[in-house]
*Asks:* 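My questions all concern the structure below.
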Amino acid sequence: MQDSFEFMPKGHIKIEAINESGDVVGTLADQPNLVVNGAEEILLRAFSGDPNRILYKNRVPKASPTSKFYIDESKLAGAALFDGSQLLHSPNIIWSAINDNDFEVSYGYFPVTVYIKEEVSTEFGKKAFSLSKTPATGYVPLNAEVYSTYTNLFIGIGEGIHKPIPLTDSRLTFSNSFTVTAESASTTTANDEVKFKQKISNFAFEYEASNKGAQIDVVVNGVVKETIEAFDSELTEPQIKSIEYTGLDNSVETEIKLVHSGSDAAVTNPIMKIVGIHFDALSKNDNGLIKEFKNHEVDFLTPTMFNTTPMAPYTIQLPNFPVLTGSLKIKYNDIEFTEAAEDAQLSDTTFKVDYVHGVISFNRALTGVMISYSVTGEIYDTELATTMTAGTITVVVPTDTPVTNENVGTGDAVKTTFSLVNKPINQGTLVVRVDGNAVTPSSIDIVTGEFTLSTAPSAGQSVRADYVYVKNVNTNKAMNKYSTLYPIKENTLKILDQNGVELQEVENASDFGNGKYMLDNTDPKLIKIAQNDISGGALTKIEVVYKSDEKPGVPTNYTRAVIDKPKTINDYPWFELDKGSVRFVAEFPELKPAHNITIREMGLFDGPRAEDKIAGFRNYPVKAFSLVRVGETRKEVNTGIRITWTITLMNEEGNPFQGGR
């Protein structure tokens, strides 16, 4: 006999805001979702598991030893806790009696061992114990809780924007007059168009503006949303500009057209040139999130509310800087502000930026200013000279040194070439005397100190010389030592003095002096800085800007979230036979990520990322079981969220598949 059946996955996402105690304080999203890939594998793994990898829940006591914990004797089947130094029970049974709030909790592919000791119980029918993080008298080893002997699943979240689509992608359709390469697509023919039709929540494109640019109609589902003018008569060189559209319904297909719609009358053969297209359509070939949140971030694209100072000057201090030039987007009461170059140009709808220090200036007090921006990825620091460590640096200083009446040699009526003791000598300073009478050498080598006379001195005549030579003198010069927090990436360091003047880097101690600095040869964090500025005045303060591979942006605290293990029923697998569903729950607490984000997509994975630093993870290939698109969901930095991801398996009749029925 052979039996078969067909099923299809149907997804649902619920995102709840939670407080630090885990209590739900609001629902951010509750909607069905596309399940793109891997749901069948999730079902198989939920049934069979994967015993080759064990995930441990590691707990280390915050206080060591801990206070007493109590466990019902019924859970121990009446047995003692220990037999000598041997624990008689599964570690999971012991761990079920503790309170996680008393421990630092992490997950890993290898266990952390702590130590358990039986204590005197004061509660009837219960045994008491305490735990220690280190070995001690009376304590025996206790292994970590076996959290999962099945596939270890993680949920990742992402912004889901700015995924580049190759211009040669088969999903893009161009009119025949287009010239299409991997870098650009261009046409001079009116009504030519590029179009695509996909399930998307946002799209963006880059176009070339020039003094020959065309007008571009942006058509969404047959309706012209706007006409973009790519013509600018003042441009001598083309400029790349971009535009973005969000808030589309990803559950249905949206047709996008970019149409060459003519031009300014002064332009002959206007050019419509597209240099980039981005949209967030998922495909079965995707095996990762379009833009997953990173451990270090440089783009803060979710608008955050700020207030200016109440008194003039009216400013906003961004929490992260230096700011990437041109990246600021500022809205106030739905009015988009533009950047002014000078304070005198500030108006009710303009702003001025100090990009290095992240300070934005306005002409009035404002509340509820919405700002998004990017940073350069540089690290900024400032230090007073009085707080730096003083020291000295040995500098080799070339010094003019005179020599008088040096005995160069004695004549023998043959020899005409003589050598000075010291060298190199200064040009024009050599005076030679033979038996006290000045003579002029026929040639002088100032580098080697050799000179030649036209006539050989007679036997016994003395040859003497006066000259000035350059002597290298070791001099100890005062300097200050400054250490950065992170190793400095090569060719990224910039140091400014208290006047905003940039100090000059030198490689050799002989070049060290006022307004200069040197990097240490052995310590990638140490900088030696002159105590005086370039004009010779005292250096009172420095500002340091640099990049480091250890901190390529602002730390976000983001890691993929471990799927919560069911607490009471359906412990393993997660499959609920009575509902035909596989249900996963994961939490992202407050400050994780440590900035406001807009969640547009989620991924269900069989492992963490390497940069999540899950203990024992050996960077095996991580597969995305499923990717889903959610409506734009905003997670504030101080909002924790709980994600409940349900995948229901539907049979051929469109009903939930229930095993065995």
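Along the sequence shown, residues carry numbers from 1.
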*Asks:* Using atom types as modelled and distance alone, determine if a side-chain donor or acceptor of N58 lies under 3.5 Å from a backbone N or O of F110.
*Replies:* yes

*Asks:* With a 4.5 Å cut-off on side-chain heavy atoms, are I360 and I371 touching?
*Replies:* yes

*Asks:* I need the N476 CG to I393 CD1 distance, nearest 0.5 Å.
*Replies:* 9.5 Å

*Asks:* Hey, are T416 and T452 close enough side-chain-wise for a donor-acceptor pair under 3.5 Å?
*Replies:* no

*Asks:* Decide yes or no on side-chain contact (heavy atoms from CB on, under 4.5 Å) for V408 and L420, but give the supporting numbers first.
*Replies:* CA-CA 6 Å; V408 178; L420 300 172; 4.0 Å; yes

*Asks:* Any donor and acceptor pair, going by atom type alone, linking the side chain of S64 with main-chain N or O of K133 inside 3.5 Å?
*Replies:* yes

*Asks:* Is it the case that over 12 heavy atoms from other parts of the model lie below 6.0 angstrom from the NZ atom of K592?
*Replies:* yes

*Asks:* With a 4.5 Å heavy-atom cut-off, do V359 and F321 have their side chains touching?
*Replies:* no

*Asks:* Looking at Y373, Y558, F300, which one forms a ring-ring contact (aromatic ring centres under 6.0 Å, His included) with H595?
*Replies:* F300

*Asks:* Applying salt bridge (charged side-chain N to carboxylate O under 4.0 Å, His left out) as the test, list every pair that has at least one member in residues 336-356; sequence neighbours left out.
*Replies:* D343-K352, D348-R364

*Asks:* Of all heavy-atom pairs between E507 and M518, which one has the smallest distance, and what is that distance?
*Replies:* O-CE, 3.5 Å

*Asks:* Keeping K62 on the side-chain end and N101 on the backbone end, is there a donor-acceptor pair under 3.5 Å?
*Replies:* yes

*Asks:* Assess, by modelled atom type and distance only, whether the side chains of D299 and S374 contain a donor and an acceptor separated by less than 3.5 Å.
*Replies:* yes

*Asks:* Output yes when a side-chain donor or acceptor of D445 lies under 3.5 Å from a complementary backbone atom of T448, and no otherwise.
*Replies:* yes

*Asks:* Run the salt-bridge test on D102 and R59 with the 4.0 Å N-O cut-off and return the result as yes or no.
*Replies:* no

*Asks:* Checking T338 side chain against T350 main chain: does a donor-acceptor pair fall under 3.5 Å?
*Replies:* no

*Asks:* Could you check whether any side-chain N or O of E297 sits under 3.5 Å from a backbone N or O of V375, counting only pairs where one atom can act as donor and the other as acceptor?
*Replies:* no

*Asks:* If you compare all heavy atoms of V298 against all heavy atoms of G553, which two are closest, and at what distance to 0.1 Å?
*Replies:* CG1-CA, 4.0 Å

*Asks:* Do F351 and L328 touch side chain to side chain, with heavy atoms closer than 4.5 Å?
*Replies:* yes

*Asks:* Quick one: does N499's side chain have a donor or acceptor within less than 3.5 Å of a partner on V501's backbone?
*Replies:* no

*Asks:* Tell me whether E611 contacts the main-chain N or O of N295 through its side chain, where contact means a donor paired with an acceptor under 3.5 Å.
*Replies:* no

*Asks:* For the atom pair CZ (R433) and CG (N405), what is the distance rounded to the nearest 0.5 Å?
*Replies:* 5.0 Å

*Asks:* Side-chain contact test, heavy atoms from C-beta onward, threshold under 4.5 Å: evaluate it for I157 versus I597 and give yes or no.
*Replies:* yes

*Asks:* Among side-chain atoms of S510 and N508, is any donor-acceptor pair under 3.5 angstrom?
*Replies:* no

*Asks:* Report yes or no: does T382 contribute a side-chain atom to a donor-acceptor pair with the main-chain N or O of I542 at less than 3.5 Å?
*Replies:* yes

*Asks:* Using 30° and 60° as the class limits, which term best fits the ring planes of Y467 and Y469: parallel, tilted or perpendicular?
*Replies:* tilted

*Asks:* Are any of the side-chain heavy atoms of E208 and I240 separated by less than 4.5 Å?
*Replies:* yes

*Asks:* Over 60° means perpendicular and under 30° means parallel, so classify the ring planes of Y380 and H357, tilted if in between.
*Replies:* perpendicular

*Asks:* Could you tell me whether the side chain of T308 and the main chain of L366 form a donor-acceptor pair under 3.5 Å?
*Replies:* yes

*Asks:* For the residue pair K294 and T556, confirm or rule out a side-chain donor-acceptor distance under 3.5 Å.
*Replies:* no

*Asks:* Are P524 and I488 packed together at the side-chain level, in the sense that at least one heavy-atom pair is separated by less than 4.5 angstrom?
*Replies:* no

